[in-house]
Every structure is written in structure tokens, then in C-alpha cells.
A.B. asks: 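Dropping the structure in here first, questions after.
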Number of protein chains: 2
Amino acid sequence: METQNLKKAGLKVTLPRMKILQILEESETRHLTAEAIYRELLDSGEEIGLATVYRVLTQFEAAGLVSRLHFEGNQAVFELDRGGHHDHIICNQCGRVEEFLDETIEQRQRQIAKEHGYRIKDHALVLYGDCLDEDCPRRGN
Amino acid sequence: METQNLKKAGLKVTLPRMKILQILEESETRHLTAEAIYRELLDSGEEIGLATVYRVLTQFEAAGLVSRLHFEGNQAVFELDRGGHHDHIICNQCGRVEEFLDETIEQRQRQIAKEHGYRIKDHALVLYGDCLDEDCPRRGN
DNA sequence: ATAGAAATGAGAATCTTAAGCATCAGGCGG
DNA sequence: CCGCCTGATGCTTAAGATTCTCATTTCTAT
């Protein structure tokens, strides 16, 4: 229930926050821009301001409820933080986003950071390619 | 010589282009924002518009002369393409950028893409941490 | 040198995101 | 259950980054 997540995060339970959380939870793609969330809310008849969407997402991020991802392009993408760290693979054609986790890579990253004299805090790995899904507009090309 | 690179890239040899290429070649950090390049040109007495810097960098990118990197934050960072692919490790405190290449990671990436049914075209890996350099503002923290 | 095409500079425009501020709503005391 | 207080919201405006427009200038080939 959204209410619980919000309270746990120390955020007052308000309609906009619940709705946004709900959209993030129910999203098919699980990776949404602020704009996309905003439009979805408008479409479903909610009265909400884009500023609120950004504000709430930023608060969610600070609270650890969502992650803000910077893929190529200019818009940030938000995803609900479901616990496990993972990296991303994105189709250049259809925009599909998939998640993966590879312990070998994770390990090598830690090792590399150490070798370079860094205390690693975070990392971002994104693979870009063309997916071979039958719905992909450029399948097989 | 900058002239050669420009001609090879099929770009008309102009003063702004040569100057920008030169700055990219001689830069200590090797990772510059458009703004930084612009300011450096202004400081050295050149008359140039910010729009030109962006335009030229975009052309350079299209020509394969430079790469545009999207680290955290909103500004893109440009680096001269010296041939070899590499990934980046960035200090959260001092902004230092270092490059690395790890064949194990590269291999795993190809493997993962294949397993997920993607024809991989590109990837971006950035490690964020705190460097232990003596000049780093938060050394040892 | 000269014309034609392409490049530049300055400023306006655009896009994304973050304020500022007046109004509204959720949570608590009565 | 009602009303207040503080924080939340919505709208508008702003700020930062990048692109576009267009008149003017610069290359390159002749």
C-alpha cells in the first residue's frame, strides 16, 4: 500500500504523492520521465502541476523510494527502487529498458576503483543496442 | 595538426573549429564542457559565440572527432576521441576524471547483451567515488 | 580577387527542472 | 467531529543548457 511507503519515508500522505507512487508501481516500463507521469495523471483526470511531479519525485529520490537515471537524451528517468541494485540495457530503436546484474562486472568495478585509488560510492552502467523483439520497429536490421 | 583532422572529417577549416580542436587537444583534464571551452576562448582573446561552440562540438561529434559524455549533472562533457574506447571513473569531490579499460567487463557486457537478445552498439560505464589524491578537497574522508 | 556556399555571432527560443508565492489540505488538539 | 497550523500544491516565473534564426562574415574553388 502506498500509504505505508510514504509514512515509512517520513512523508506526509497526500493525494499527489500516492498517485505518483501508484503510477511508478504499476508502470509497465518501470522507467518513466517526469513528463510521462504528469501526462498520465492528467489523462486519468487528476489535477496536478508539473512542478509537483518534479518536487515529489525529488523527495522520493531523497527518501530512497526512487532512483533518478540519466540515460542519453536530456530528460531524467525515474524508477521505483525495489531494493536490488541493477544496471540497464536499452534498445536504441524502441526504447525498451531491461535490467540486469552481473556479479563479475560488479566485482571488477570495485577492483578497478581500488587500483585507481578511489573509494567507490556508486556507478552507472548502461548498454545501448538494438533489441530483437518482434515488436521492435527495427527488428532484424 | 588541426587542419588535417578537420579536412579528414570533411569539415571546412575555419578559425573557430581549429581553436576548439586545439583546446580539446591541449586540455589538462581532457573532459570539458561547452561553457569551459567557450570561456577559455574568450579568456584568450578570441571572439566567439557560445552557439558556435555548441554547433562545432556537435559537428565534431557527428564526425567522430569527439565524444559527448553525460555524467551526472546537467552539462554534457566533451572529450577528444583519441581512438581507444574507455570508461570513466570520477571523483565526487574534486571532479577529477580518469579513464580505464577492463577487458573482463567489456566481455561480460557483450555476453549480457547477447543473453538478453540485444545487438550491442555502445555502452557507458561511469564509476563515482572519492579519490584519495592529496589535492582532493575531501581527501581521507 | 570573386562569387557562391557554408560558417559565425548575437540574441531569441526551447526544453527541462527548480524556485516563489498565494492557496489548500492533511494531521493533531480540543 | 471541527478548526488550526504547517507543510504541500498549483501556477507562474525563473534558471540553466542547448538549439535555432538570420543577417553578416569567411572559406574554397575558380
Side-chain angles (χ1 to χ4, degrees), chain A residues 1-23 31-63 65-78, chain B residues 1-23 31-63 65-78:
Chain A
M1 194 156 296
E2 291 83 21
T3 305
Q4 296 313 309
N5 296 325
L6 289 173
K7 282 198 171 147
K8 234 182 298 177
L11 292 169
K12 202 189 262 190
V13 177
T14 66
L15 218 33
R17 284 178 185 160
M18 291 198 25
K19 293 290 182 191
I20 290 173
L21 203 43
Q22 203 176 358
I23 286 182
H31 299 83
L32 298 169
T33 63
E35 265 289 323
I37 293 172
Y38 174 59
R39 276 200 309 272
E40 195 160 329
L41 283 168
L42 287 190
D43 289 352
S44 69
E46 297 298 323
E47 261 197 29
I48 194 166
L50 180 56
T52 301
V53 176
Y54 274 105
R55 221 169 0 208
V56 167
L57 287 170
T58 301
Q59 293 160 343
F60 283 4
E61 185 190 14
L65 288 176
V66 309
S67 302
R68 181 191 304 247
L69 307 172
H70 300 272
F71 297 151
E72 285 184 4
N74 2 355
Q75 278 177 101
V77 172
F78 296 86
Chain B
M1 193 156 299
E2 291 81 20
T3 305
Q4 294 315 309
N5 296 324
L6 289 174
K7 280 197 175 150
K8 233 182 298 175
L11 293 169
K12 201 189 264 191
V13 177
T14 67
L15 217 31
R17 284 176 183 162
M18 291 197 26
K19 291 291 181 188
I20 292 174
L21 202 45
Q22 201 176 1
I23 286 181
H31 298 84
L32 298 168
T33 64
E35 267 288 326
I37 293 171
Y38 174 59
R39 277 200 309 273
E40 195 160 329
L41 283 169
L42 287 190
D43 289 354
S44 69
E46 295 300 323
E47 260 197 29
I48 195 167
L50 181 54
T52 300
V53 176
Y54 275 106
R55 218 169 2 208
V56 168
L57 286 171
T58 300
Q59 293 160 341
F60 282 5
E61 185 189 15
L65 288 176
V66 308
S67 301
R68 181 191 304 245
L69 307 173
H70 300 272
F71 298 151
E72 287 186 2
N74 3 354
Q75 282 176 99
V77 172
F78 297 85

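Chain letters run A, B, ... following the sequence lines, proteins first and then strands; every chain starts at 1. Please read all numbers here as calculations on a predicted model, not as lab measurements.
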A.B. asks: Please state how far atom CG in B:L50 lies from atom P in C:dA13, giving the value in whole angstrom units.
C.D. replies: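 So the two atoms are 17 Å apart, to the nearest Å.
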
A.B. asks: Is A:T14 near enough to D:dT9 that one of its side-chain N or O atoms lies under 4.0 angstrom from OP1 or OP2?
C.D. replies: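 Yes, within the criterion.
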
A.B. asks: Checking contacts here: which listed nucleotide (C:dT8, D:dG16, D:dT19) is nearest the side-chain heavy atoms of B:R68?
C.D. replies: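 The listed nucleotide nearest to B:R68's side chain is D:dT19.
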
A.B. asks: Please classify the nucleic acid contact of A:E47 as base, sugar-phosphate, or nothing, using heavy-atom distances under 4.0 Å.
C.D. replies: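 Sugar-phosphate, no base atom in range.
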
A.B. asks: Measure the distance from CG on A:L11 to C1' on D:dT6 and round it to the nearest whole Å.
C.D. replies: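 Atom-to-atom, A:L11 to D:dT6, this comes out as 15 Å.
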
A.B. asks: Could you check whether B:T52 gets within reach of a base, just the sugar-phosphate, or nothing at all, counting any heavy atom under 4.0 Å?
C.D. replies: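 If one applies the 4.0 Å heavy-atom cut-off, B:T52 turns out to touch a base.
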
A.B. asks: Nearest 0.5 Å please: distance from the OG1 atom of A:T14 over to the CG atom of A:L6.
C.D. replies: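 Going from OG1 on A:T14 over to CG on A:L6, the span is 7.0 Å.
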
A.B. asks: With a non-hydrogen cut-off below 4.0 angstrom, is B:I48 in contact with a base, only sugar-phosphate, or nothing?
C.D. replies: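 Sugar-phosphate contact only.
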
A.B. asks: Is there a side-chain contact between B:Y54 and the phosphate of D:dT18, meaning an N or O under 4.0 Å from OP1 or OP2?
C.D. replies: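 Checking D:dT18 against B:Y54, a side-chain N or O does come within under 4.0 Å of OP1 or OP2.
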
A.B. asks: Which nucleotide in the set D:dT9, D:dT18, C:dG27 lies at the smallest distance from any side-chain heavy atom of B:Q75?
C.D. replies: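 Of D:dT9, D:dT18, C:dG27, D:dT18 is nearest to the side chain of B:Q75.
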
A.B. asks: Between B:L15 and B:F78, which residue's closest nucleotide on DNA chain D lies nearer the 5′ terminus?
C.D. replies: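 The residue closer to the strand's 5' end, by nearest nucleotide, is B:F78.
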
A.B. asks: Quick check for you: among D:dC27, D:dG10, C:dG27, whose closest atom lies nearest to any side-chain atom of B:K12?
C.D. replies: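 Out of D:dC27, D:dG10, C:dG27, the nucleotide with an atom closest to B:K12's side chain is D:dC27.
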
A.B. asks: Once you round it to whole Å, what is the distance between P of D:dT18 and OH of B:Y38?
C.D. replies: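 Between P of D:dT18 and OH of B:Y38: 14 Å.
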
A.B. asks: For B:R68 and B:T58, run side-chain contact (heavy atoms from CB on, under 4.5 Å): C-alpha distance rounded to whole Å, both residues' side-chain angles, the deciding distance at 0.1 Å, then the answer.
C.D. replies: CA-CA 8 Å; B:R68 181 191 304 245; B:T58 300; 3.0 Å; yes

A.B. asks: Classify the nucleic acid contact of B:T58 as base, sugar-phosphate or nothing, counting any heavy atom under 4.0 Å across all strands shown.
C.D. replies: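 It contacts sugar-phosphate atoms only.
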
A.B. asks: Atom CD of A:E35 to atom P of C:dT14: distance rounded to whole Å?
C.D. replies: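 My rounded result for the distance is 16 Å.
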
A.B. asks: Rounded to the nearest 0.5 Å, what separates atom CG in B:L32 from atom CZ in B:R39?
C.D. replies: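 So the gap between those two atoms works out to 10.0 Å.
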
A.B. asks: Would you sort out whether B:K8 and B:N5 count as a side-chain contact (heavy atoms from CB on, under 4.5 Å), showing the intermediate values?
C.D. replies: CA-CA 5 Å; B:K8 233 182 298 175; B:N5 296 324; 4.0 Å; yes

A.B. asks: Side chain to side chain contact (heavy atoms under 4.5 Å, CB included) with B:V56: which of B:E61, B:R17, B:M18?
C.D. replies: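 Of B:E61, B:R17, B:M18, side chain to side chain contact (heavy atoms under 4.5 Å, CB included) with B:V56 is met by B:R17 alone.
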
A.B. asks: Starting the side chain at C-beta, find the nucleotide from C:dG9, D:dT12, C:dG27 nearest to A:A51.
C.D. replies: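 Output: D:dT12.
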
A.B. asks: For a quick check of understanding: with a heavy-atom distance under 4.0 Å over all strands, which category does B:A76 fall into, base, sugar-phosphate or nothing?
C.D. replies: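 Sugar-phosphate only.
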
A.B. asks: With a 3.5 Å cut-off and just heavy-atom distances, do the side chain of A:R55 and the base of D:dG10 make a donor-acceptor pair?
C.D. replies: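 When only heavy-atom distances are counted, A:R55 does reach the base of D:dG10 through a donor-acceptor pair under 3.5 Å.
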
A.B. asks: CG of A:L32 versus P of C:dT17: gap in Å, rounded?
C.D. replies: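 Rounding to the nearest Å, CG of A:L32 and P of C:dT17 are 13 Å apart.
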
A.B. asks: Find the distance B:E46:CD to C:dA10:P and express it as a whole number of Å.
C.D. replies: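 Spelled out: CD on B:E46 to P on C:dA10 is 13 Å.
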
A.B. asks: Return the value, rounded to whole Å, for the distance between atom CD of B:Q59 and atom C1' of D:dC20.
C.D. replies: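 It works out to 14 Å between those atoms.
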
A.B. asks: In whole Å, what is the span from the CZ atom of A:F60 to the P atom of C:dT17?
C.D. replies: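 Taking atom P of C:dT17 as the reference, CZ of A:F60 is at 17 Å.
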
A.B. asks: Got a second to check how far A:Q59's CD is from A:K12's NZ, nearest 0.5 Å?
C.D. replies: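 The distance works out to 11.5 Å.
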
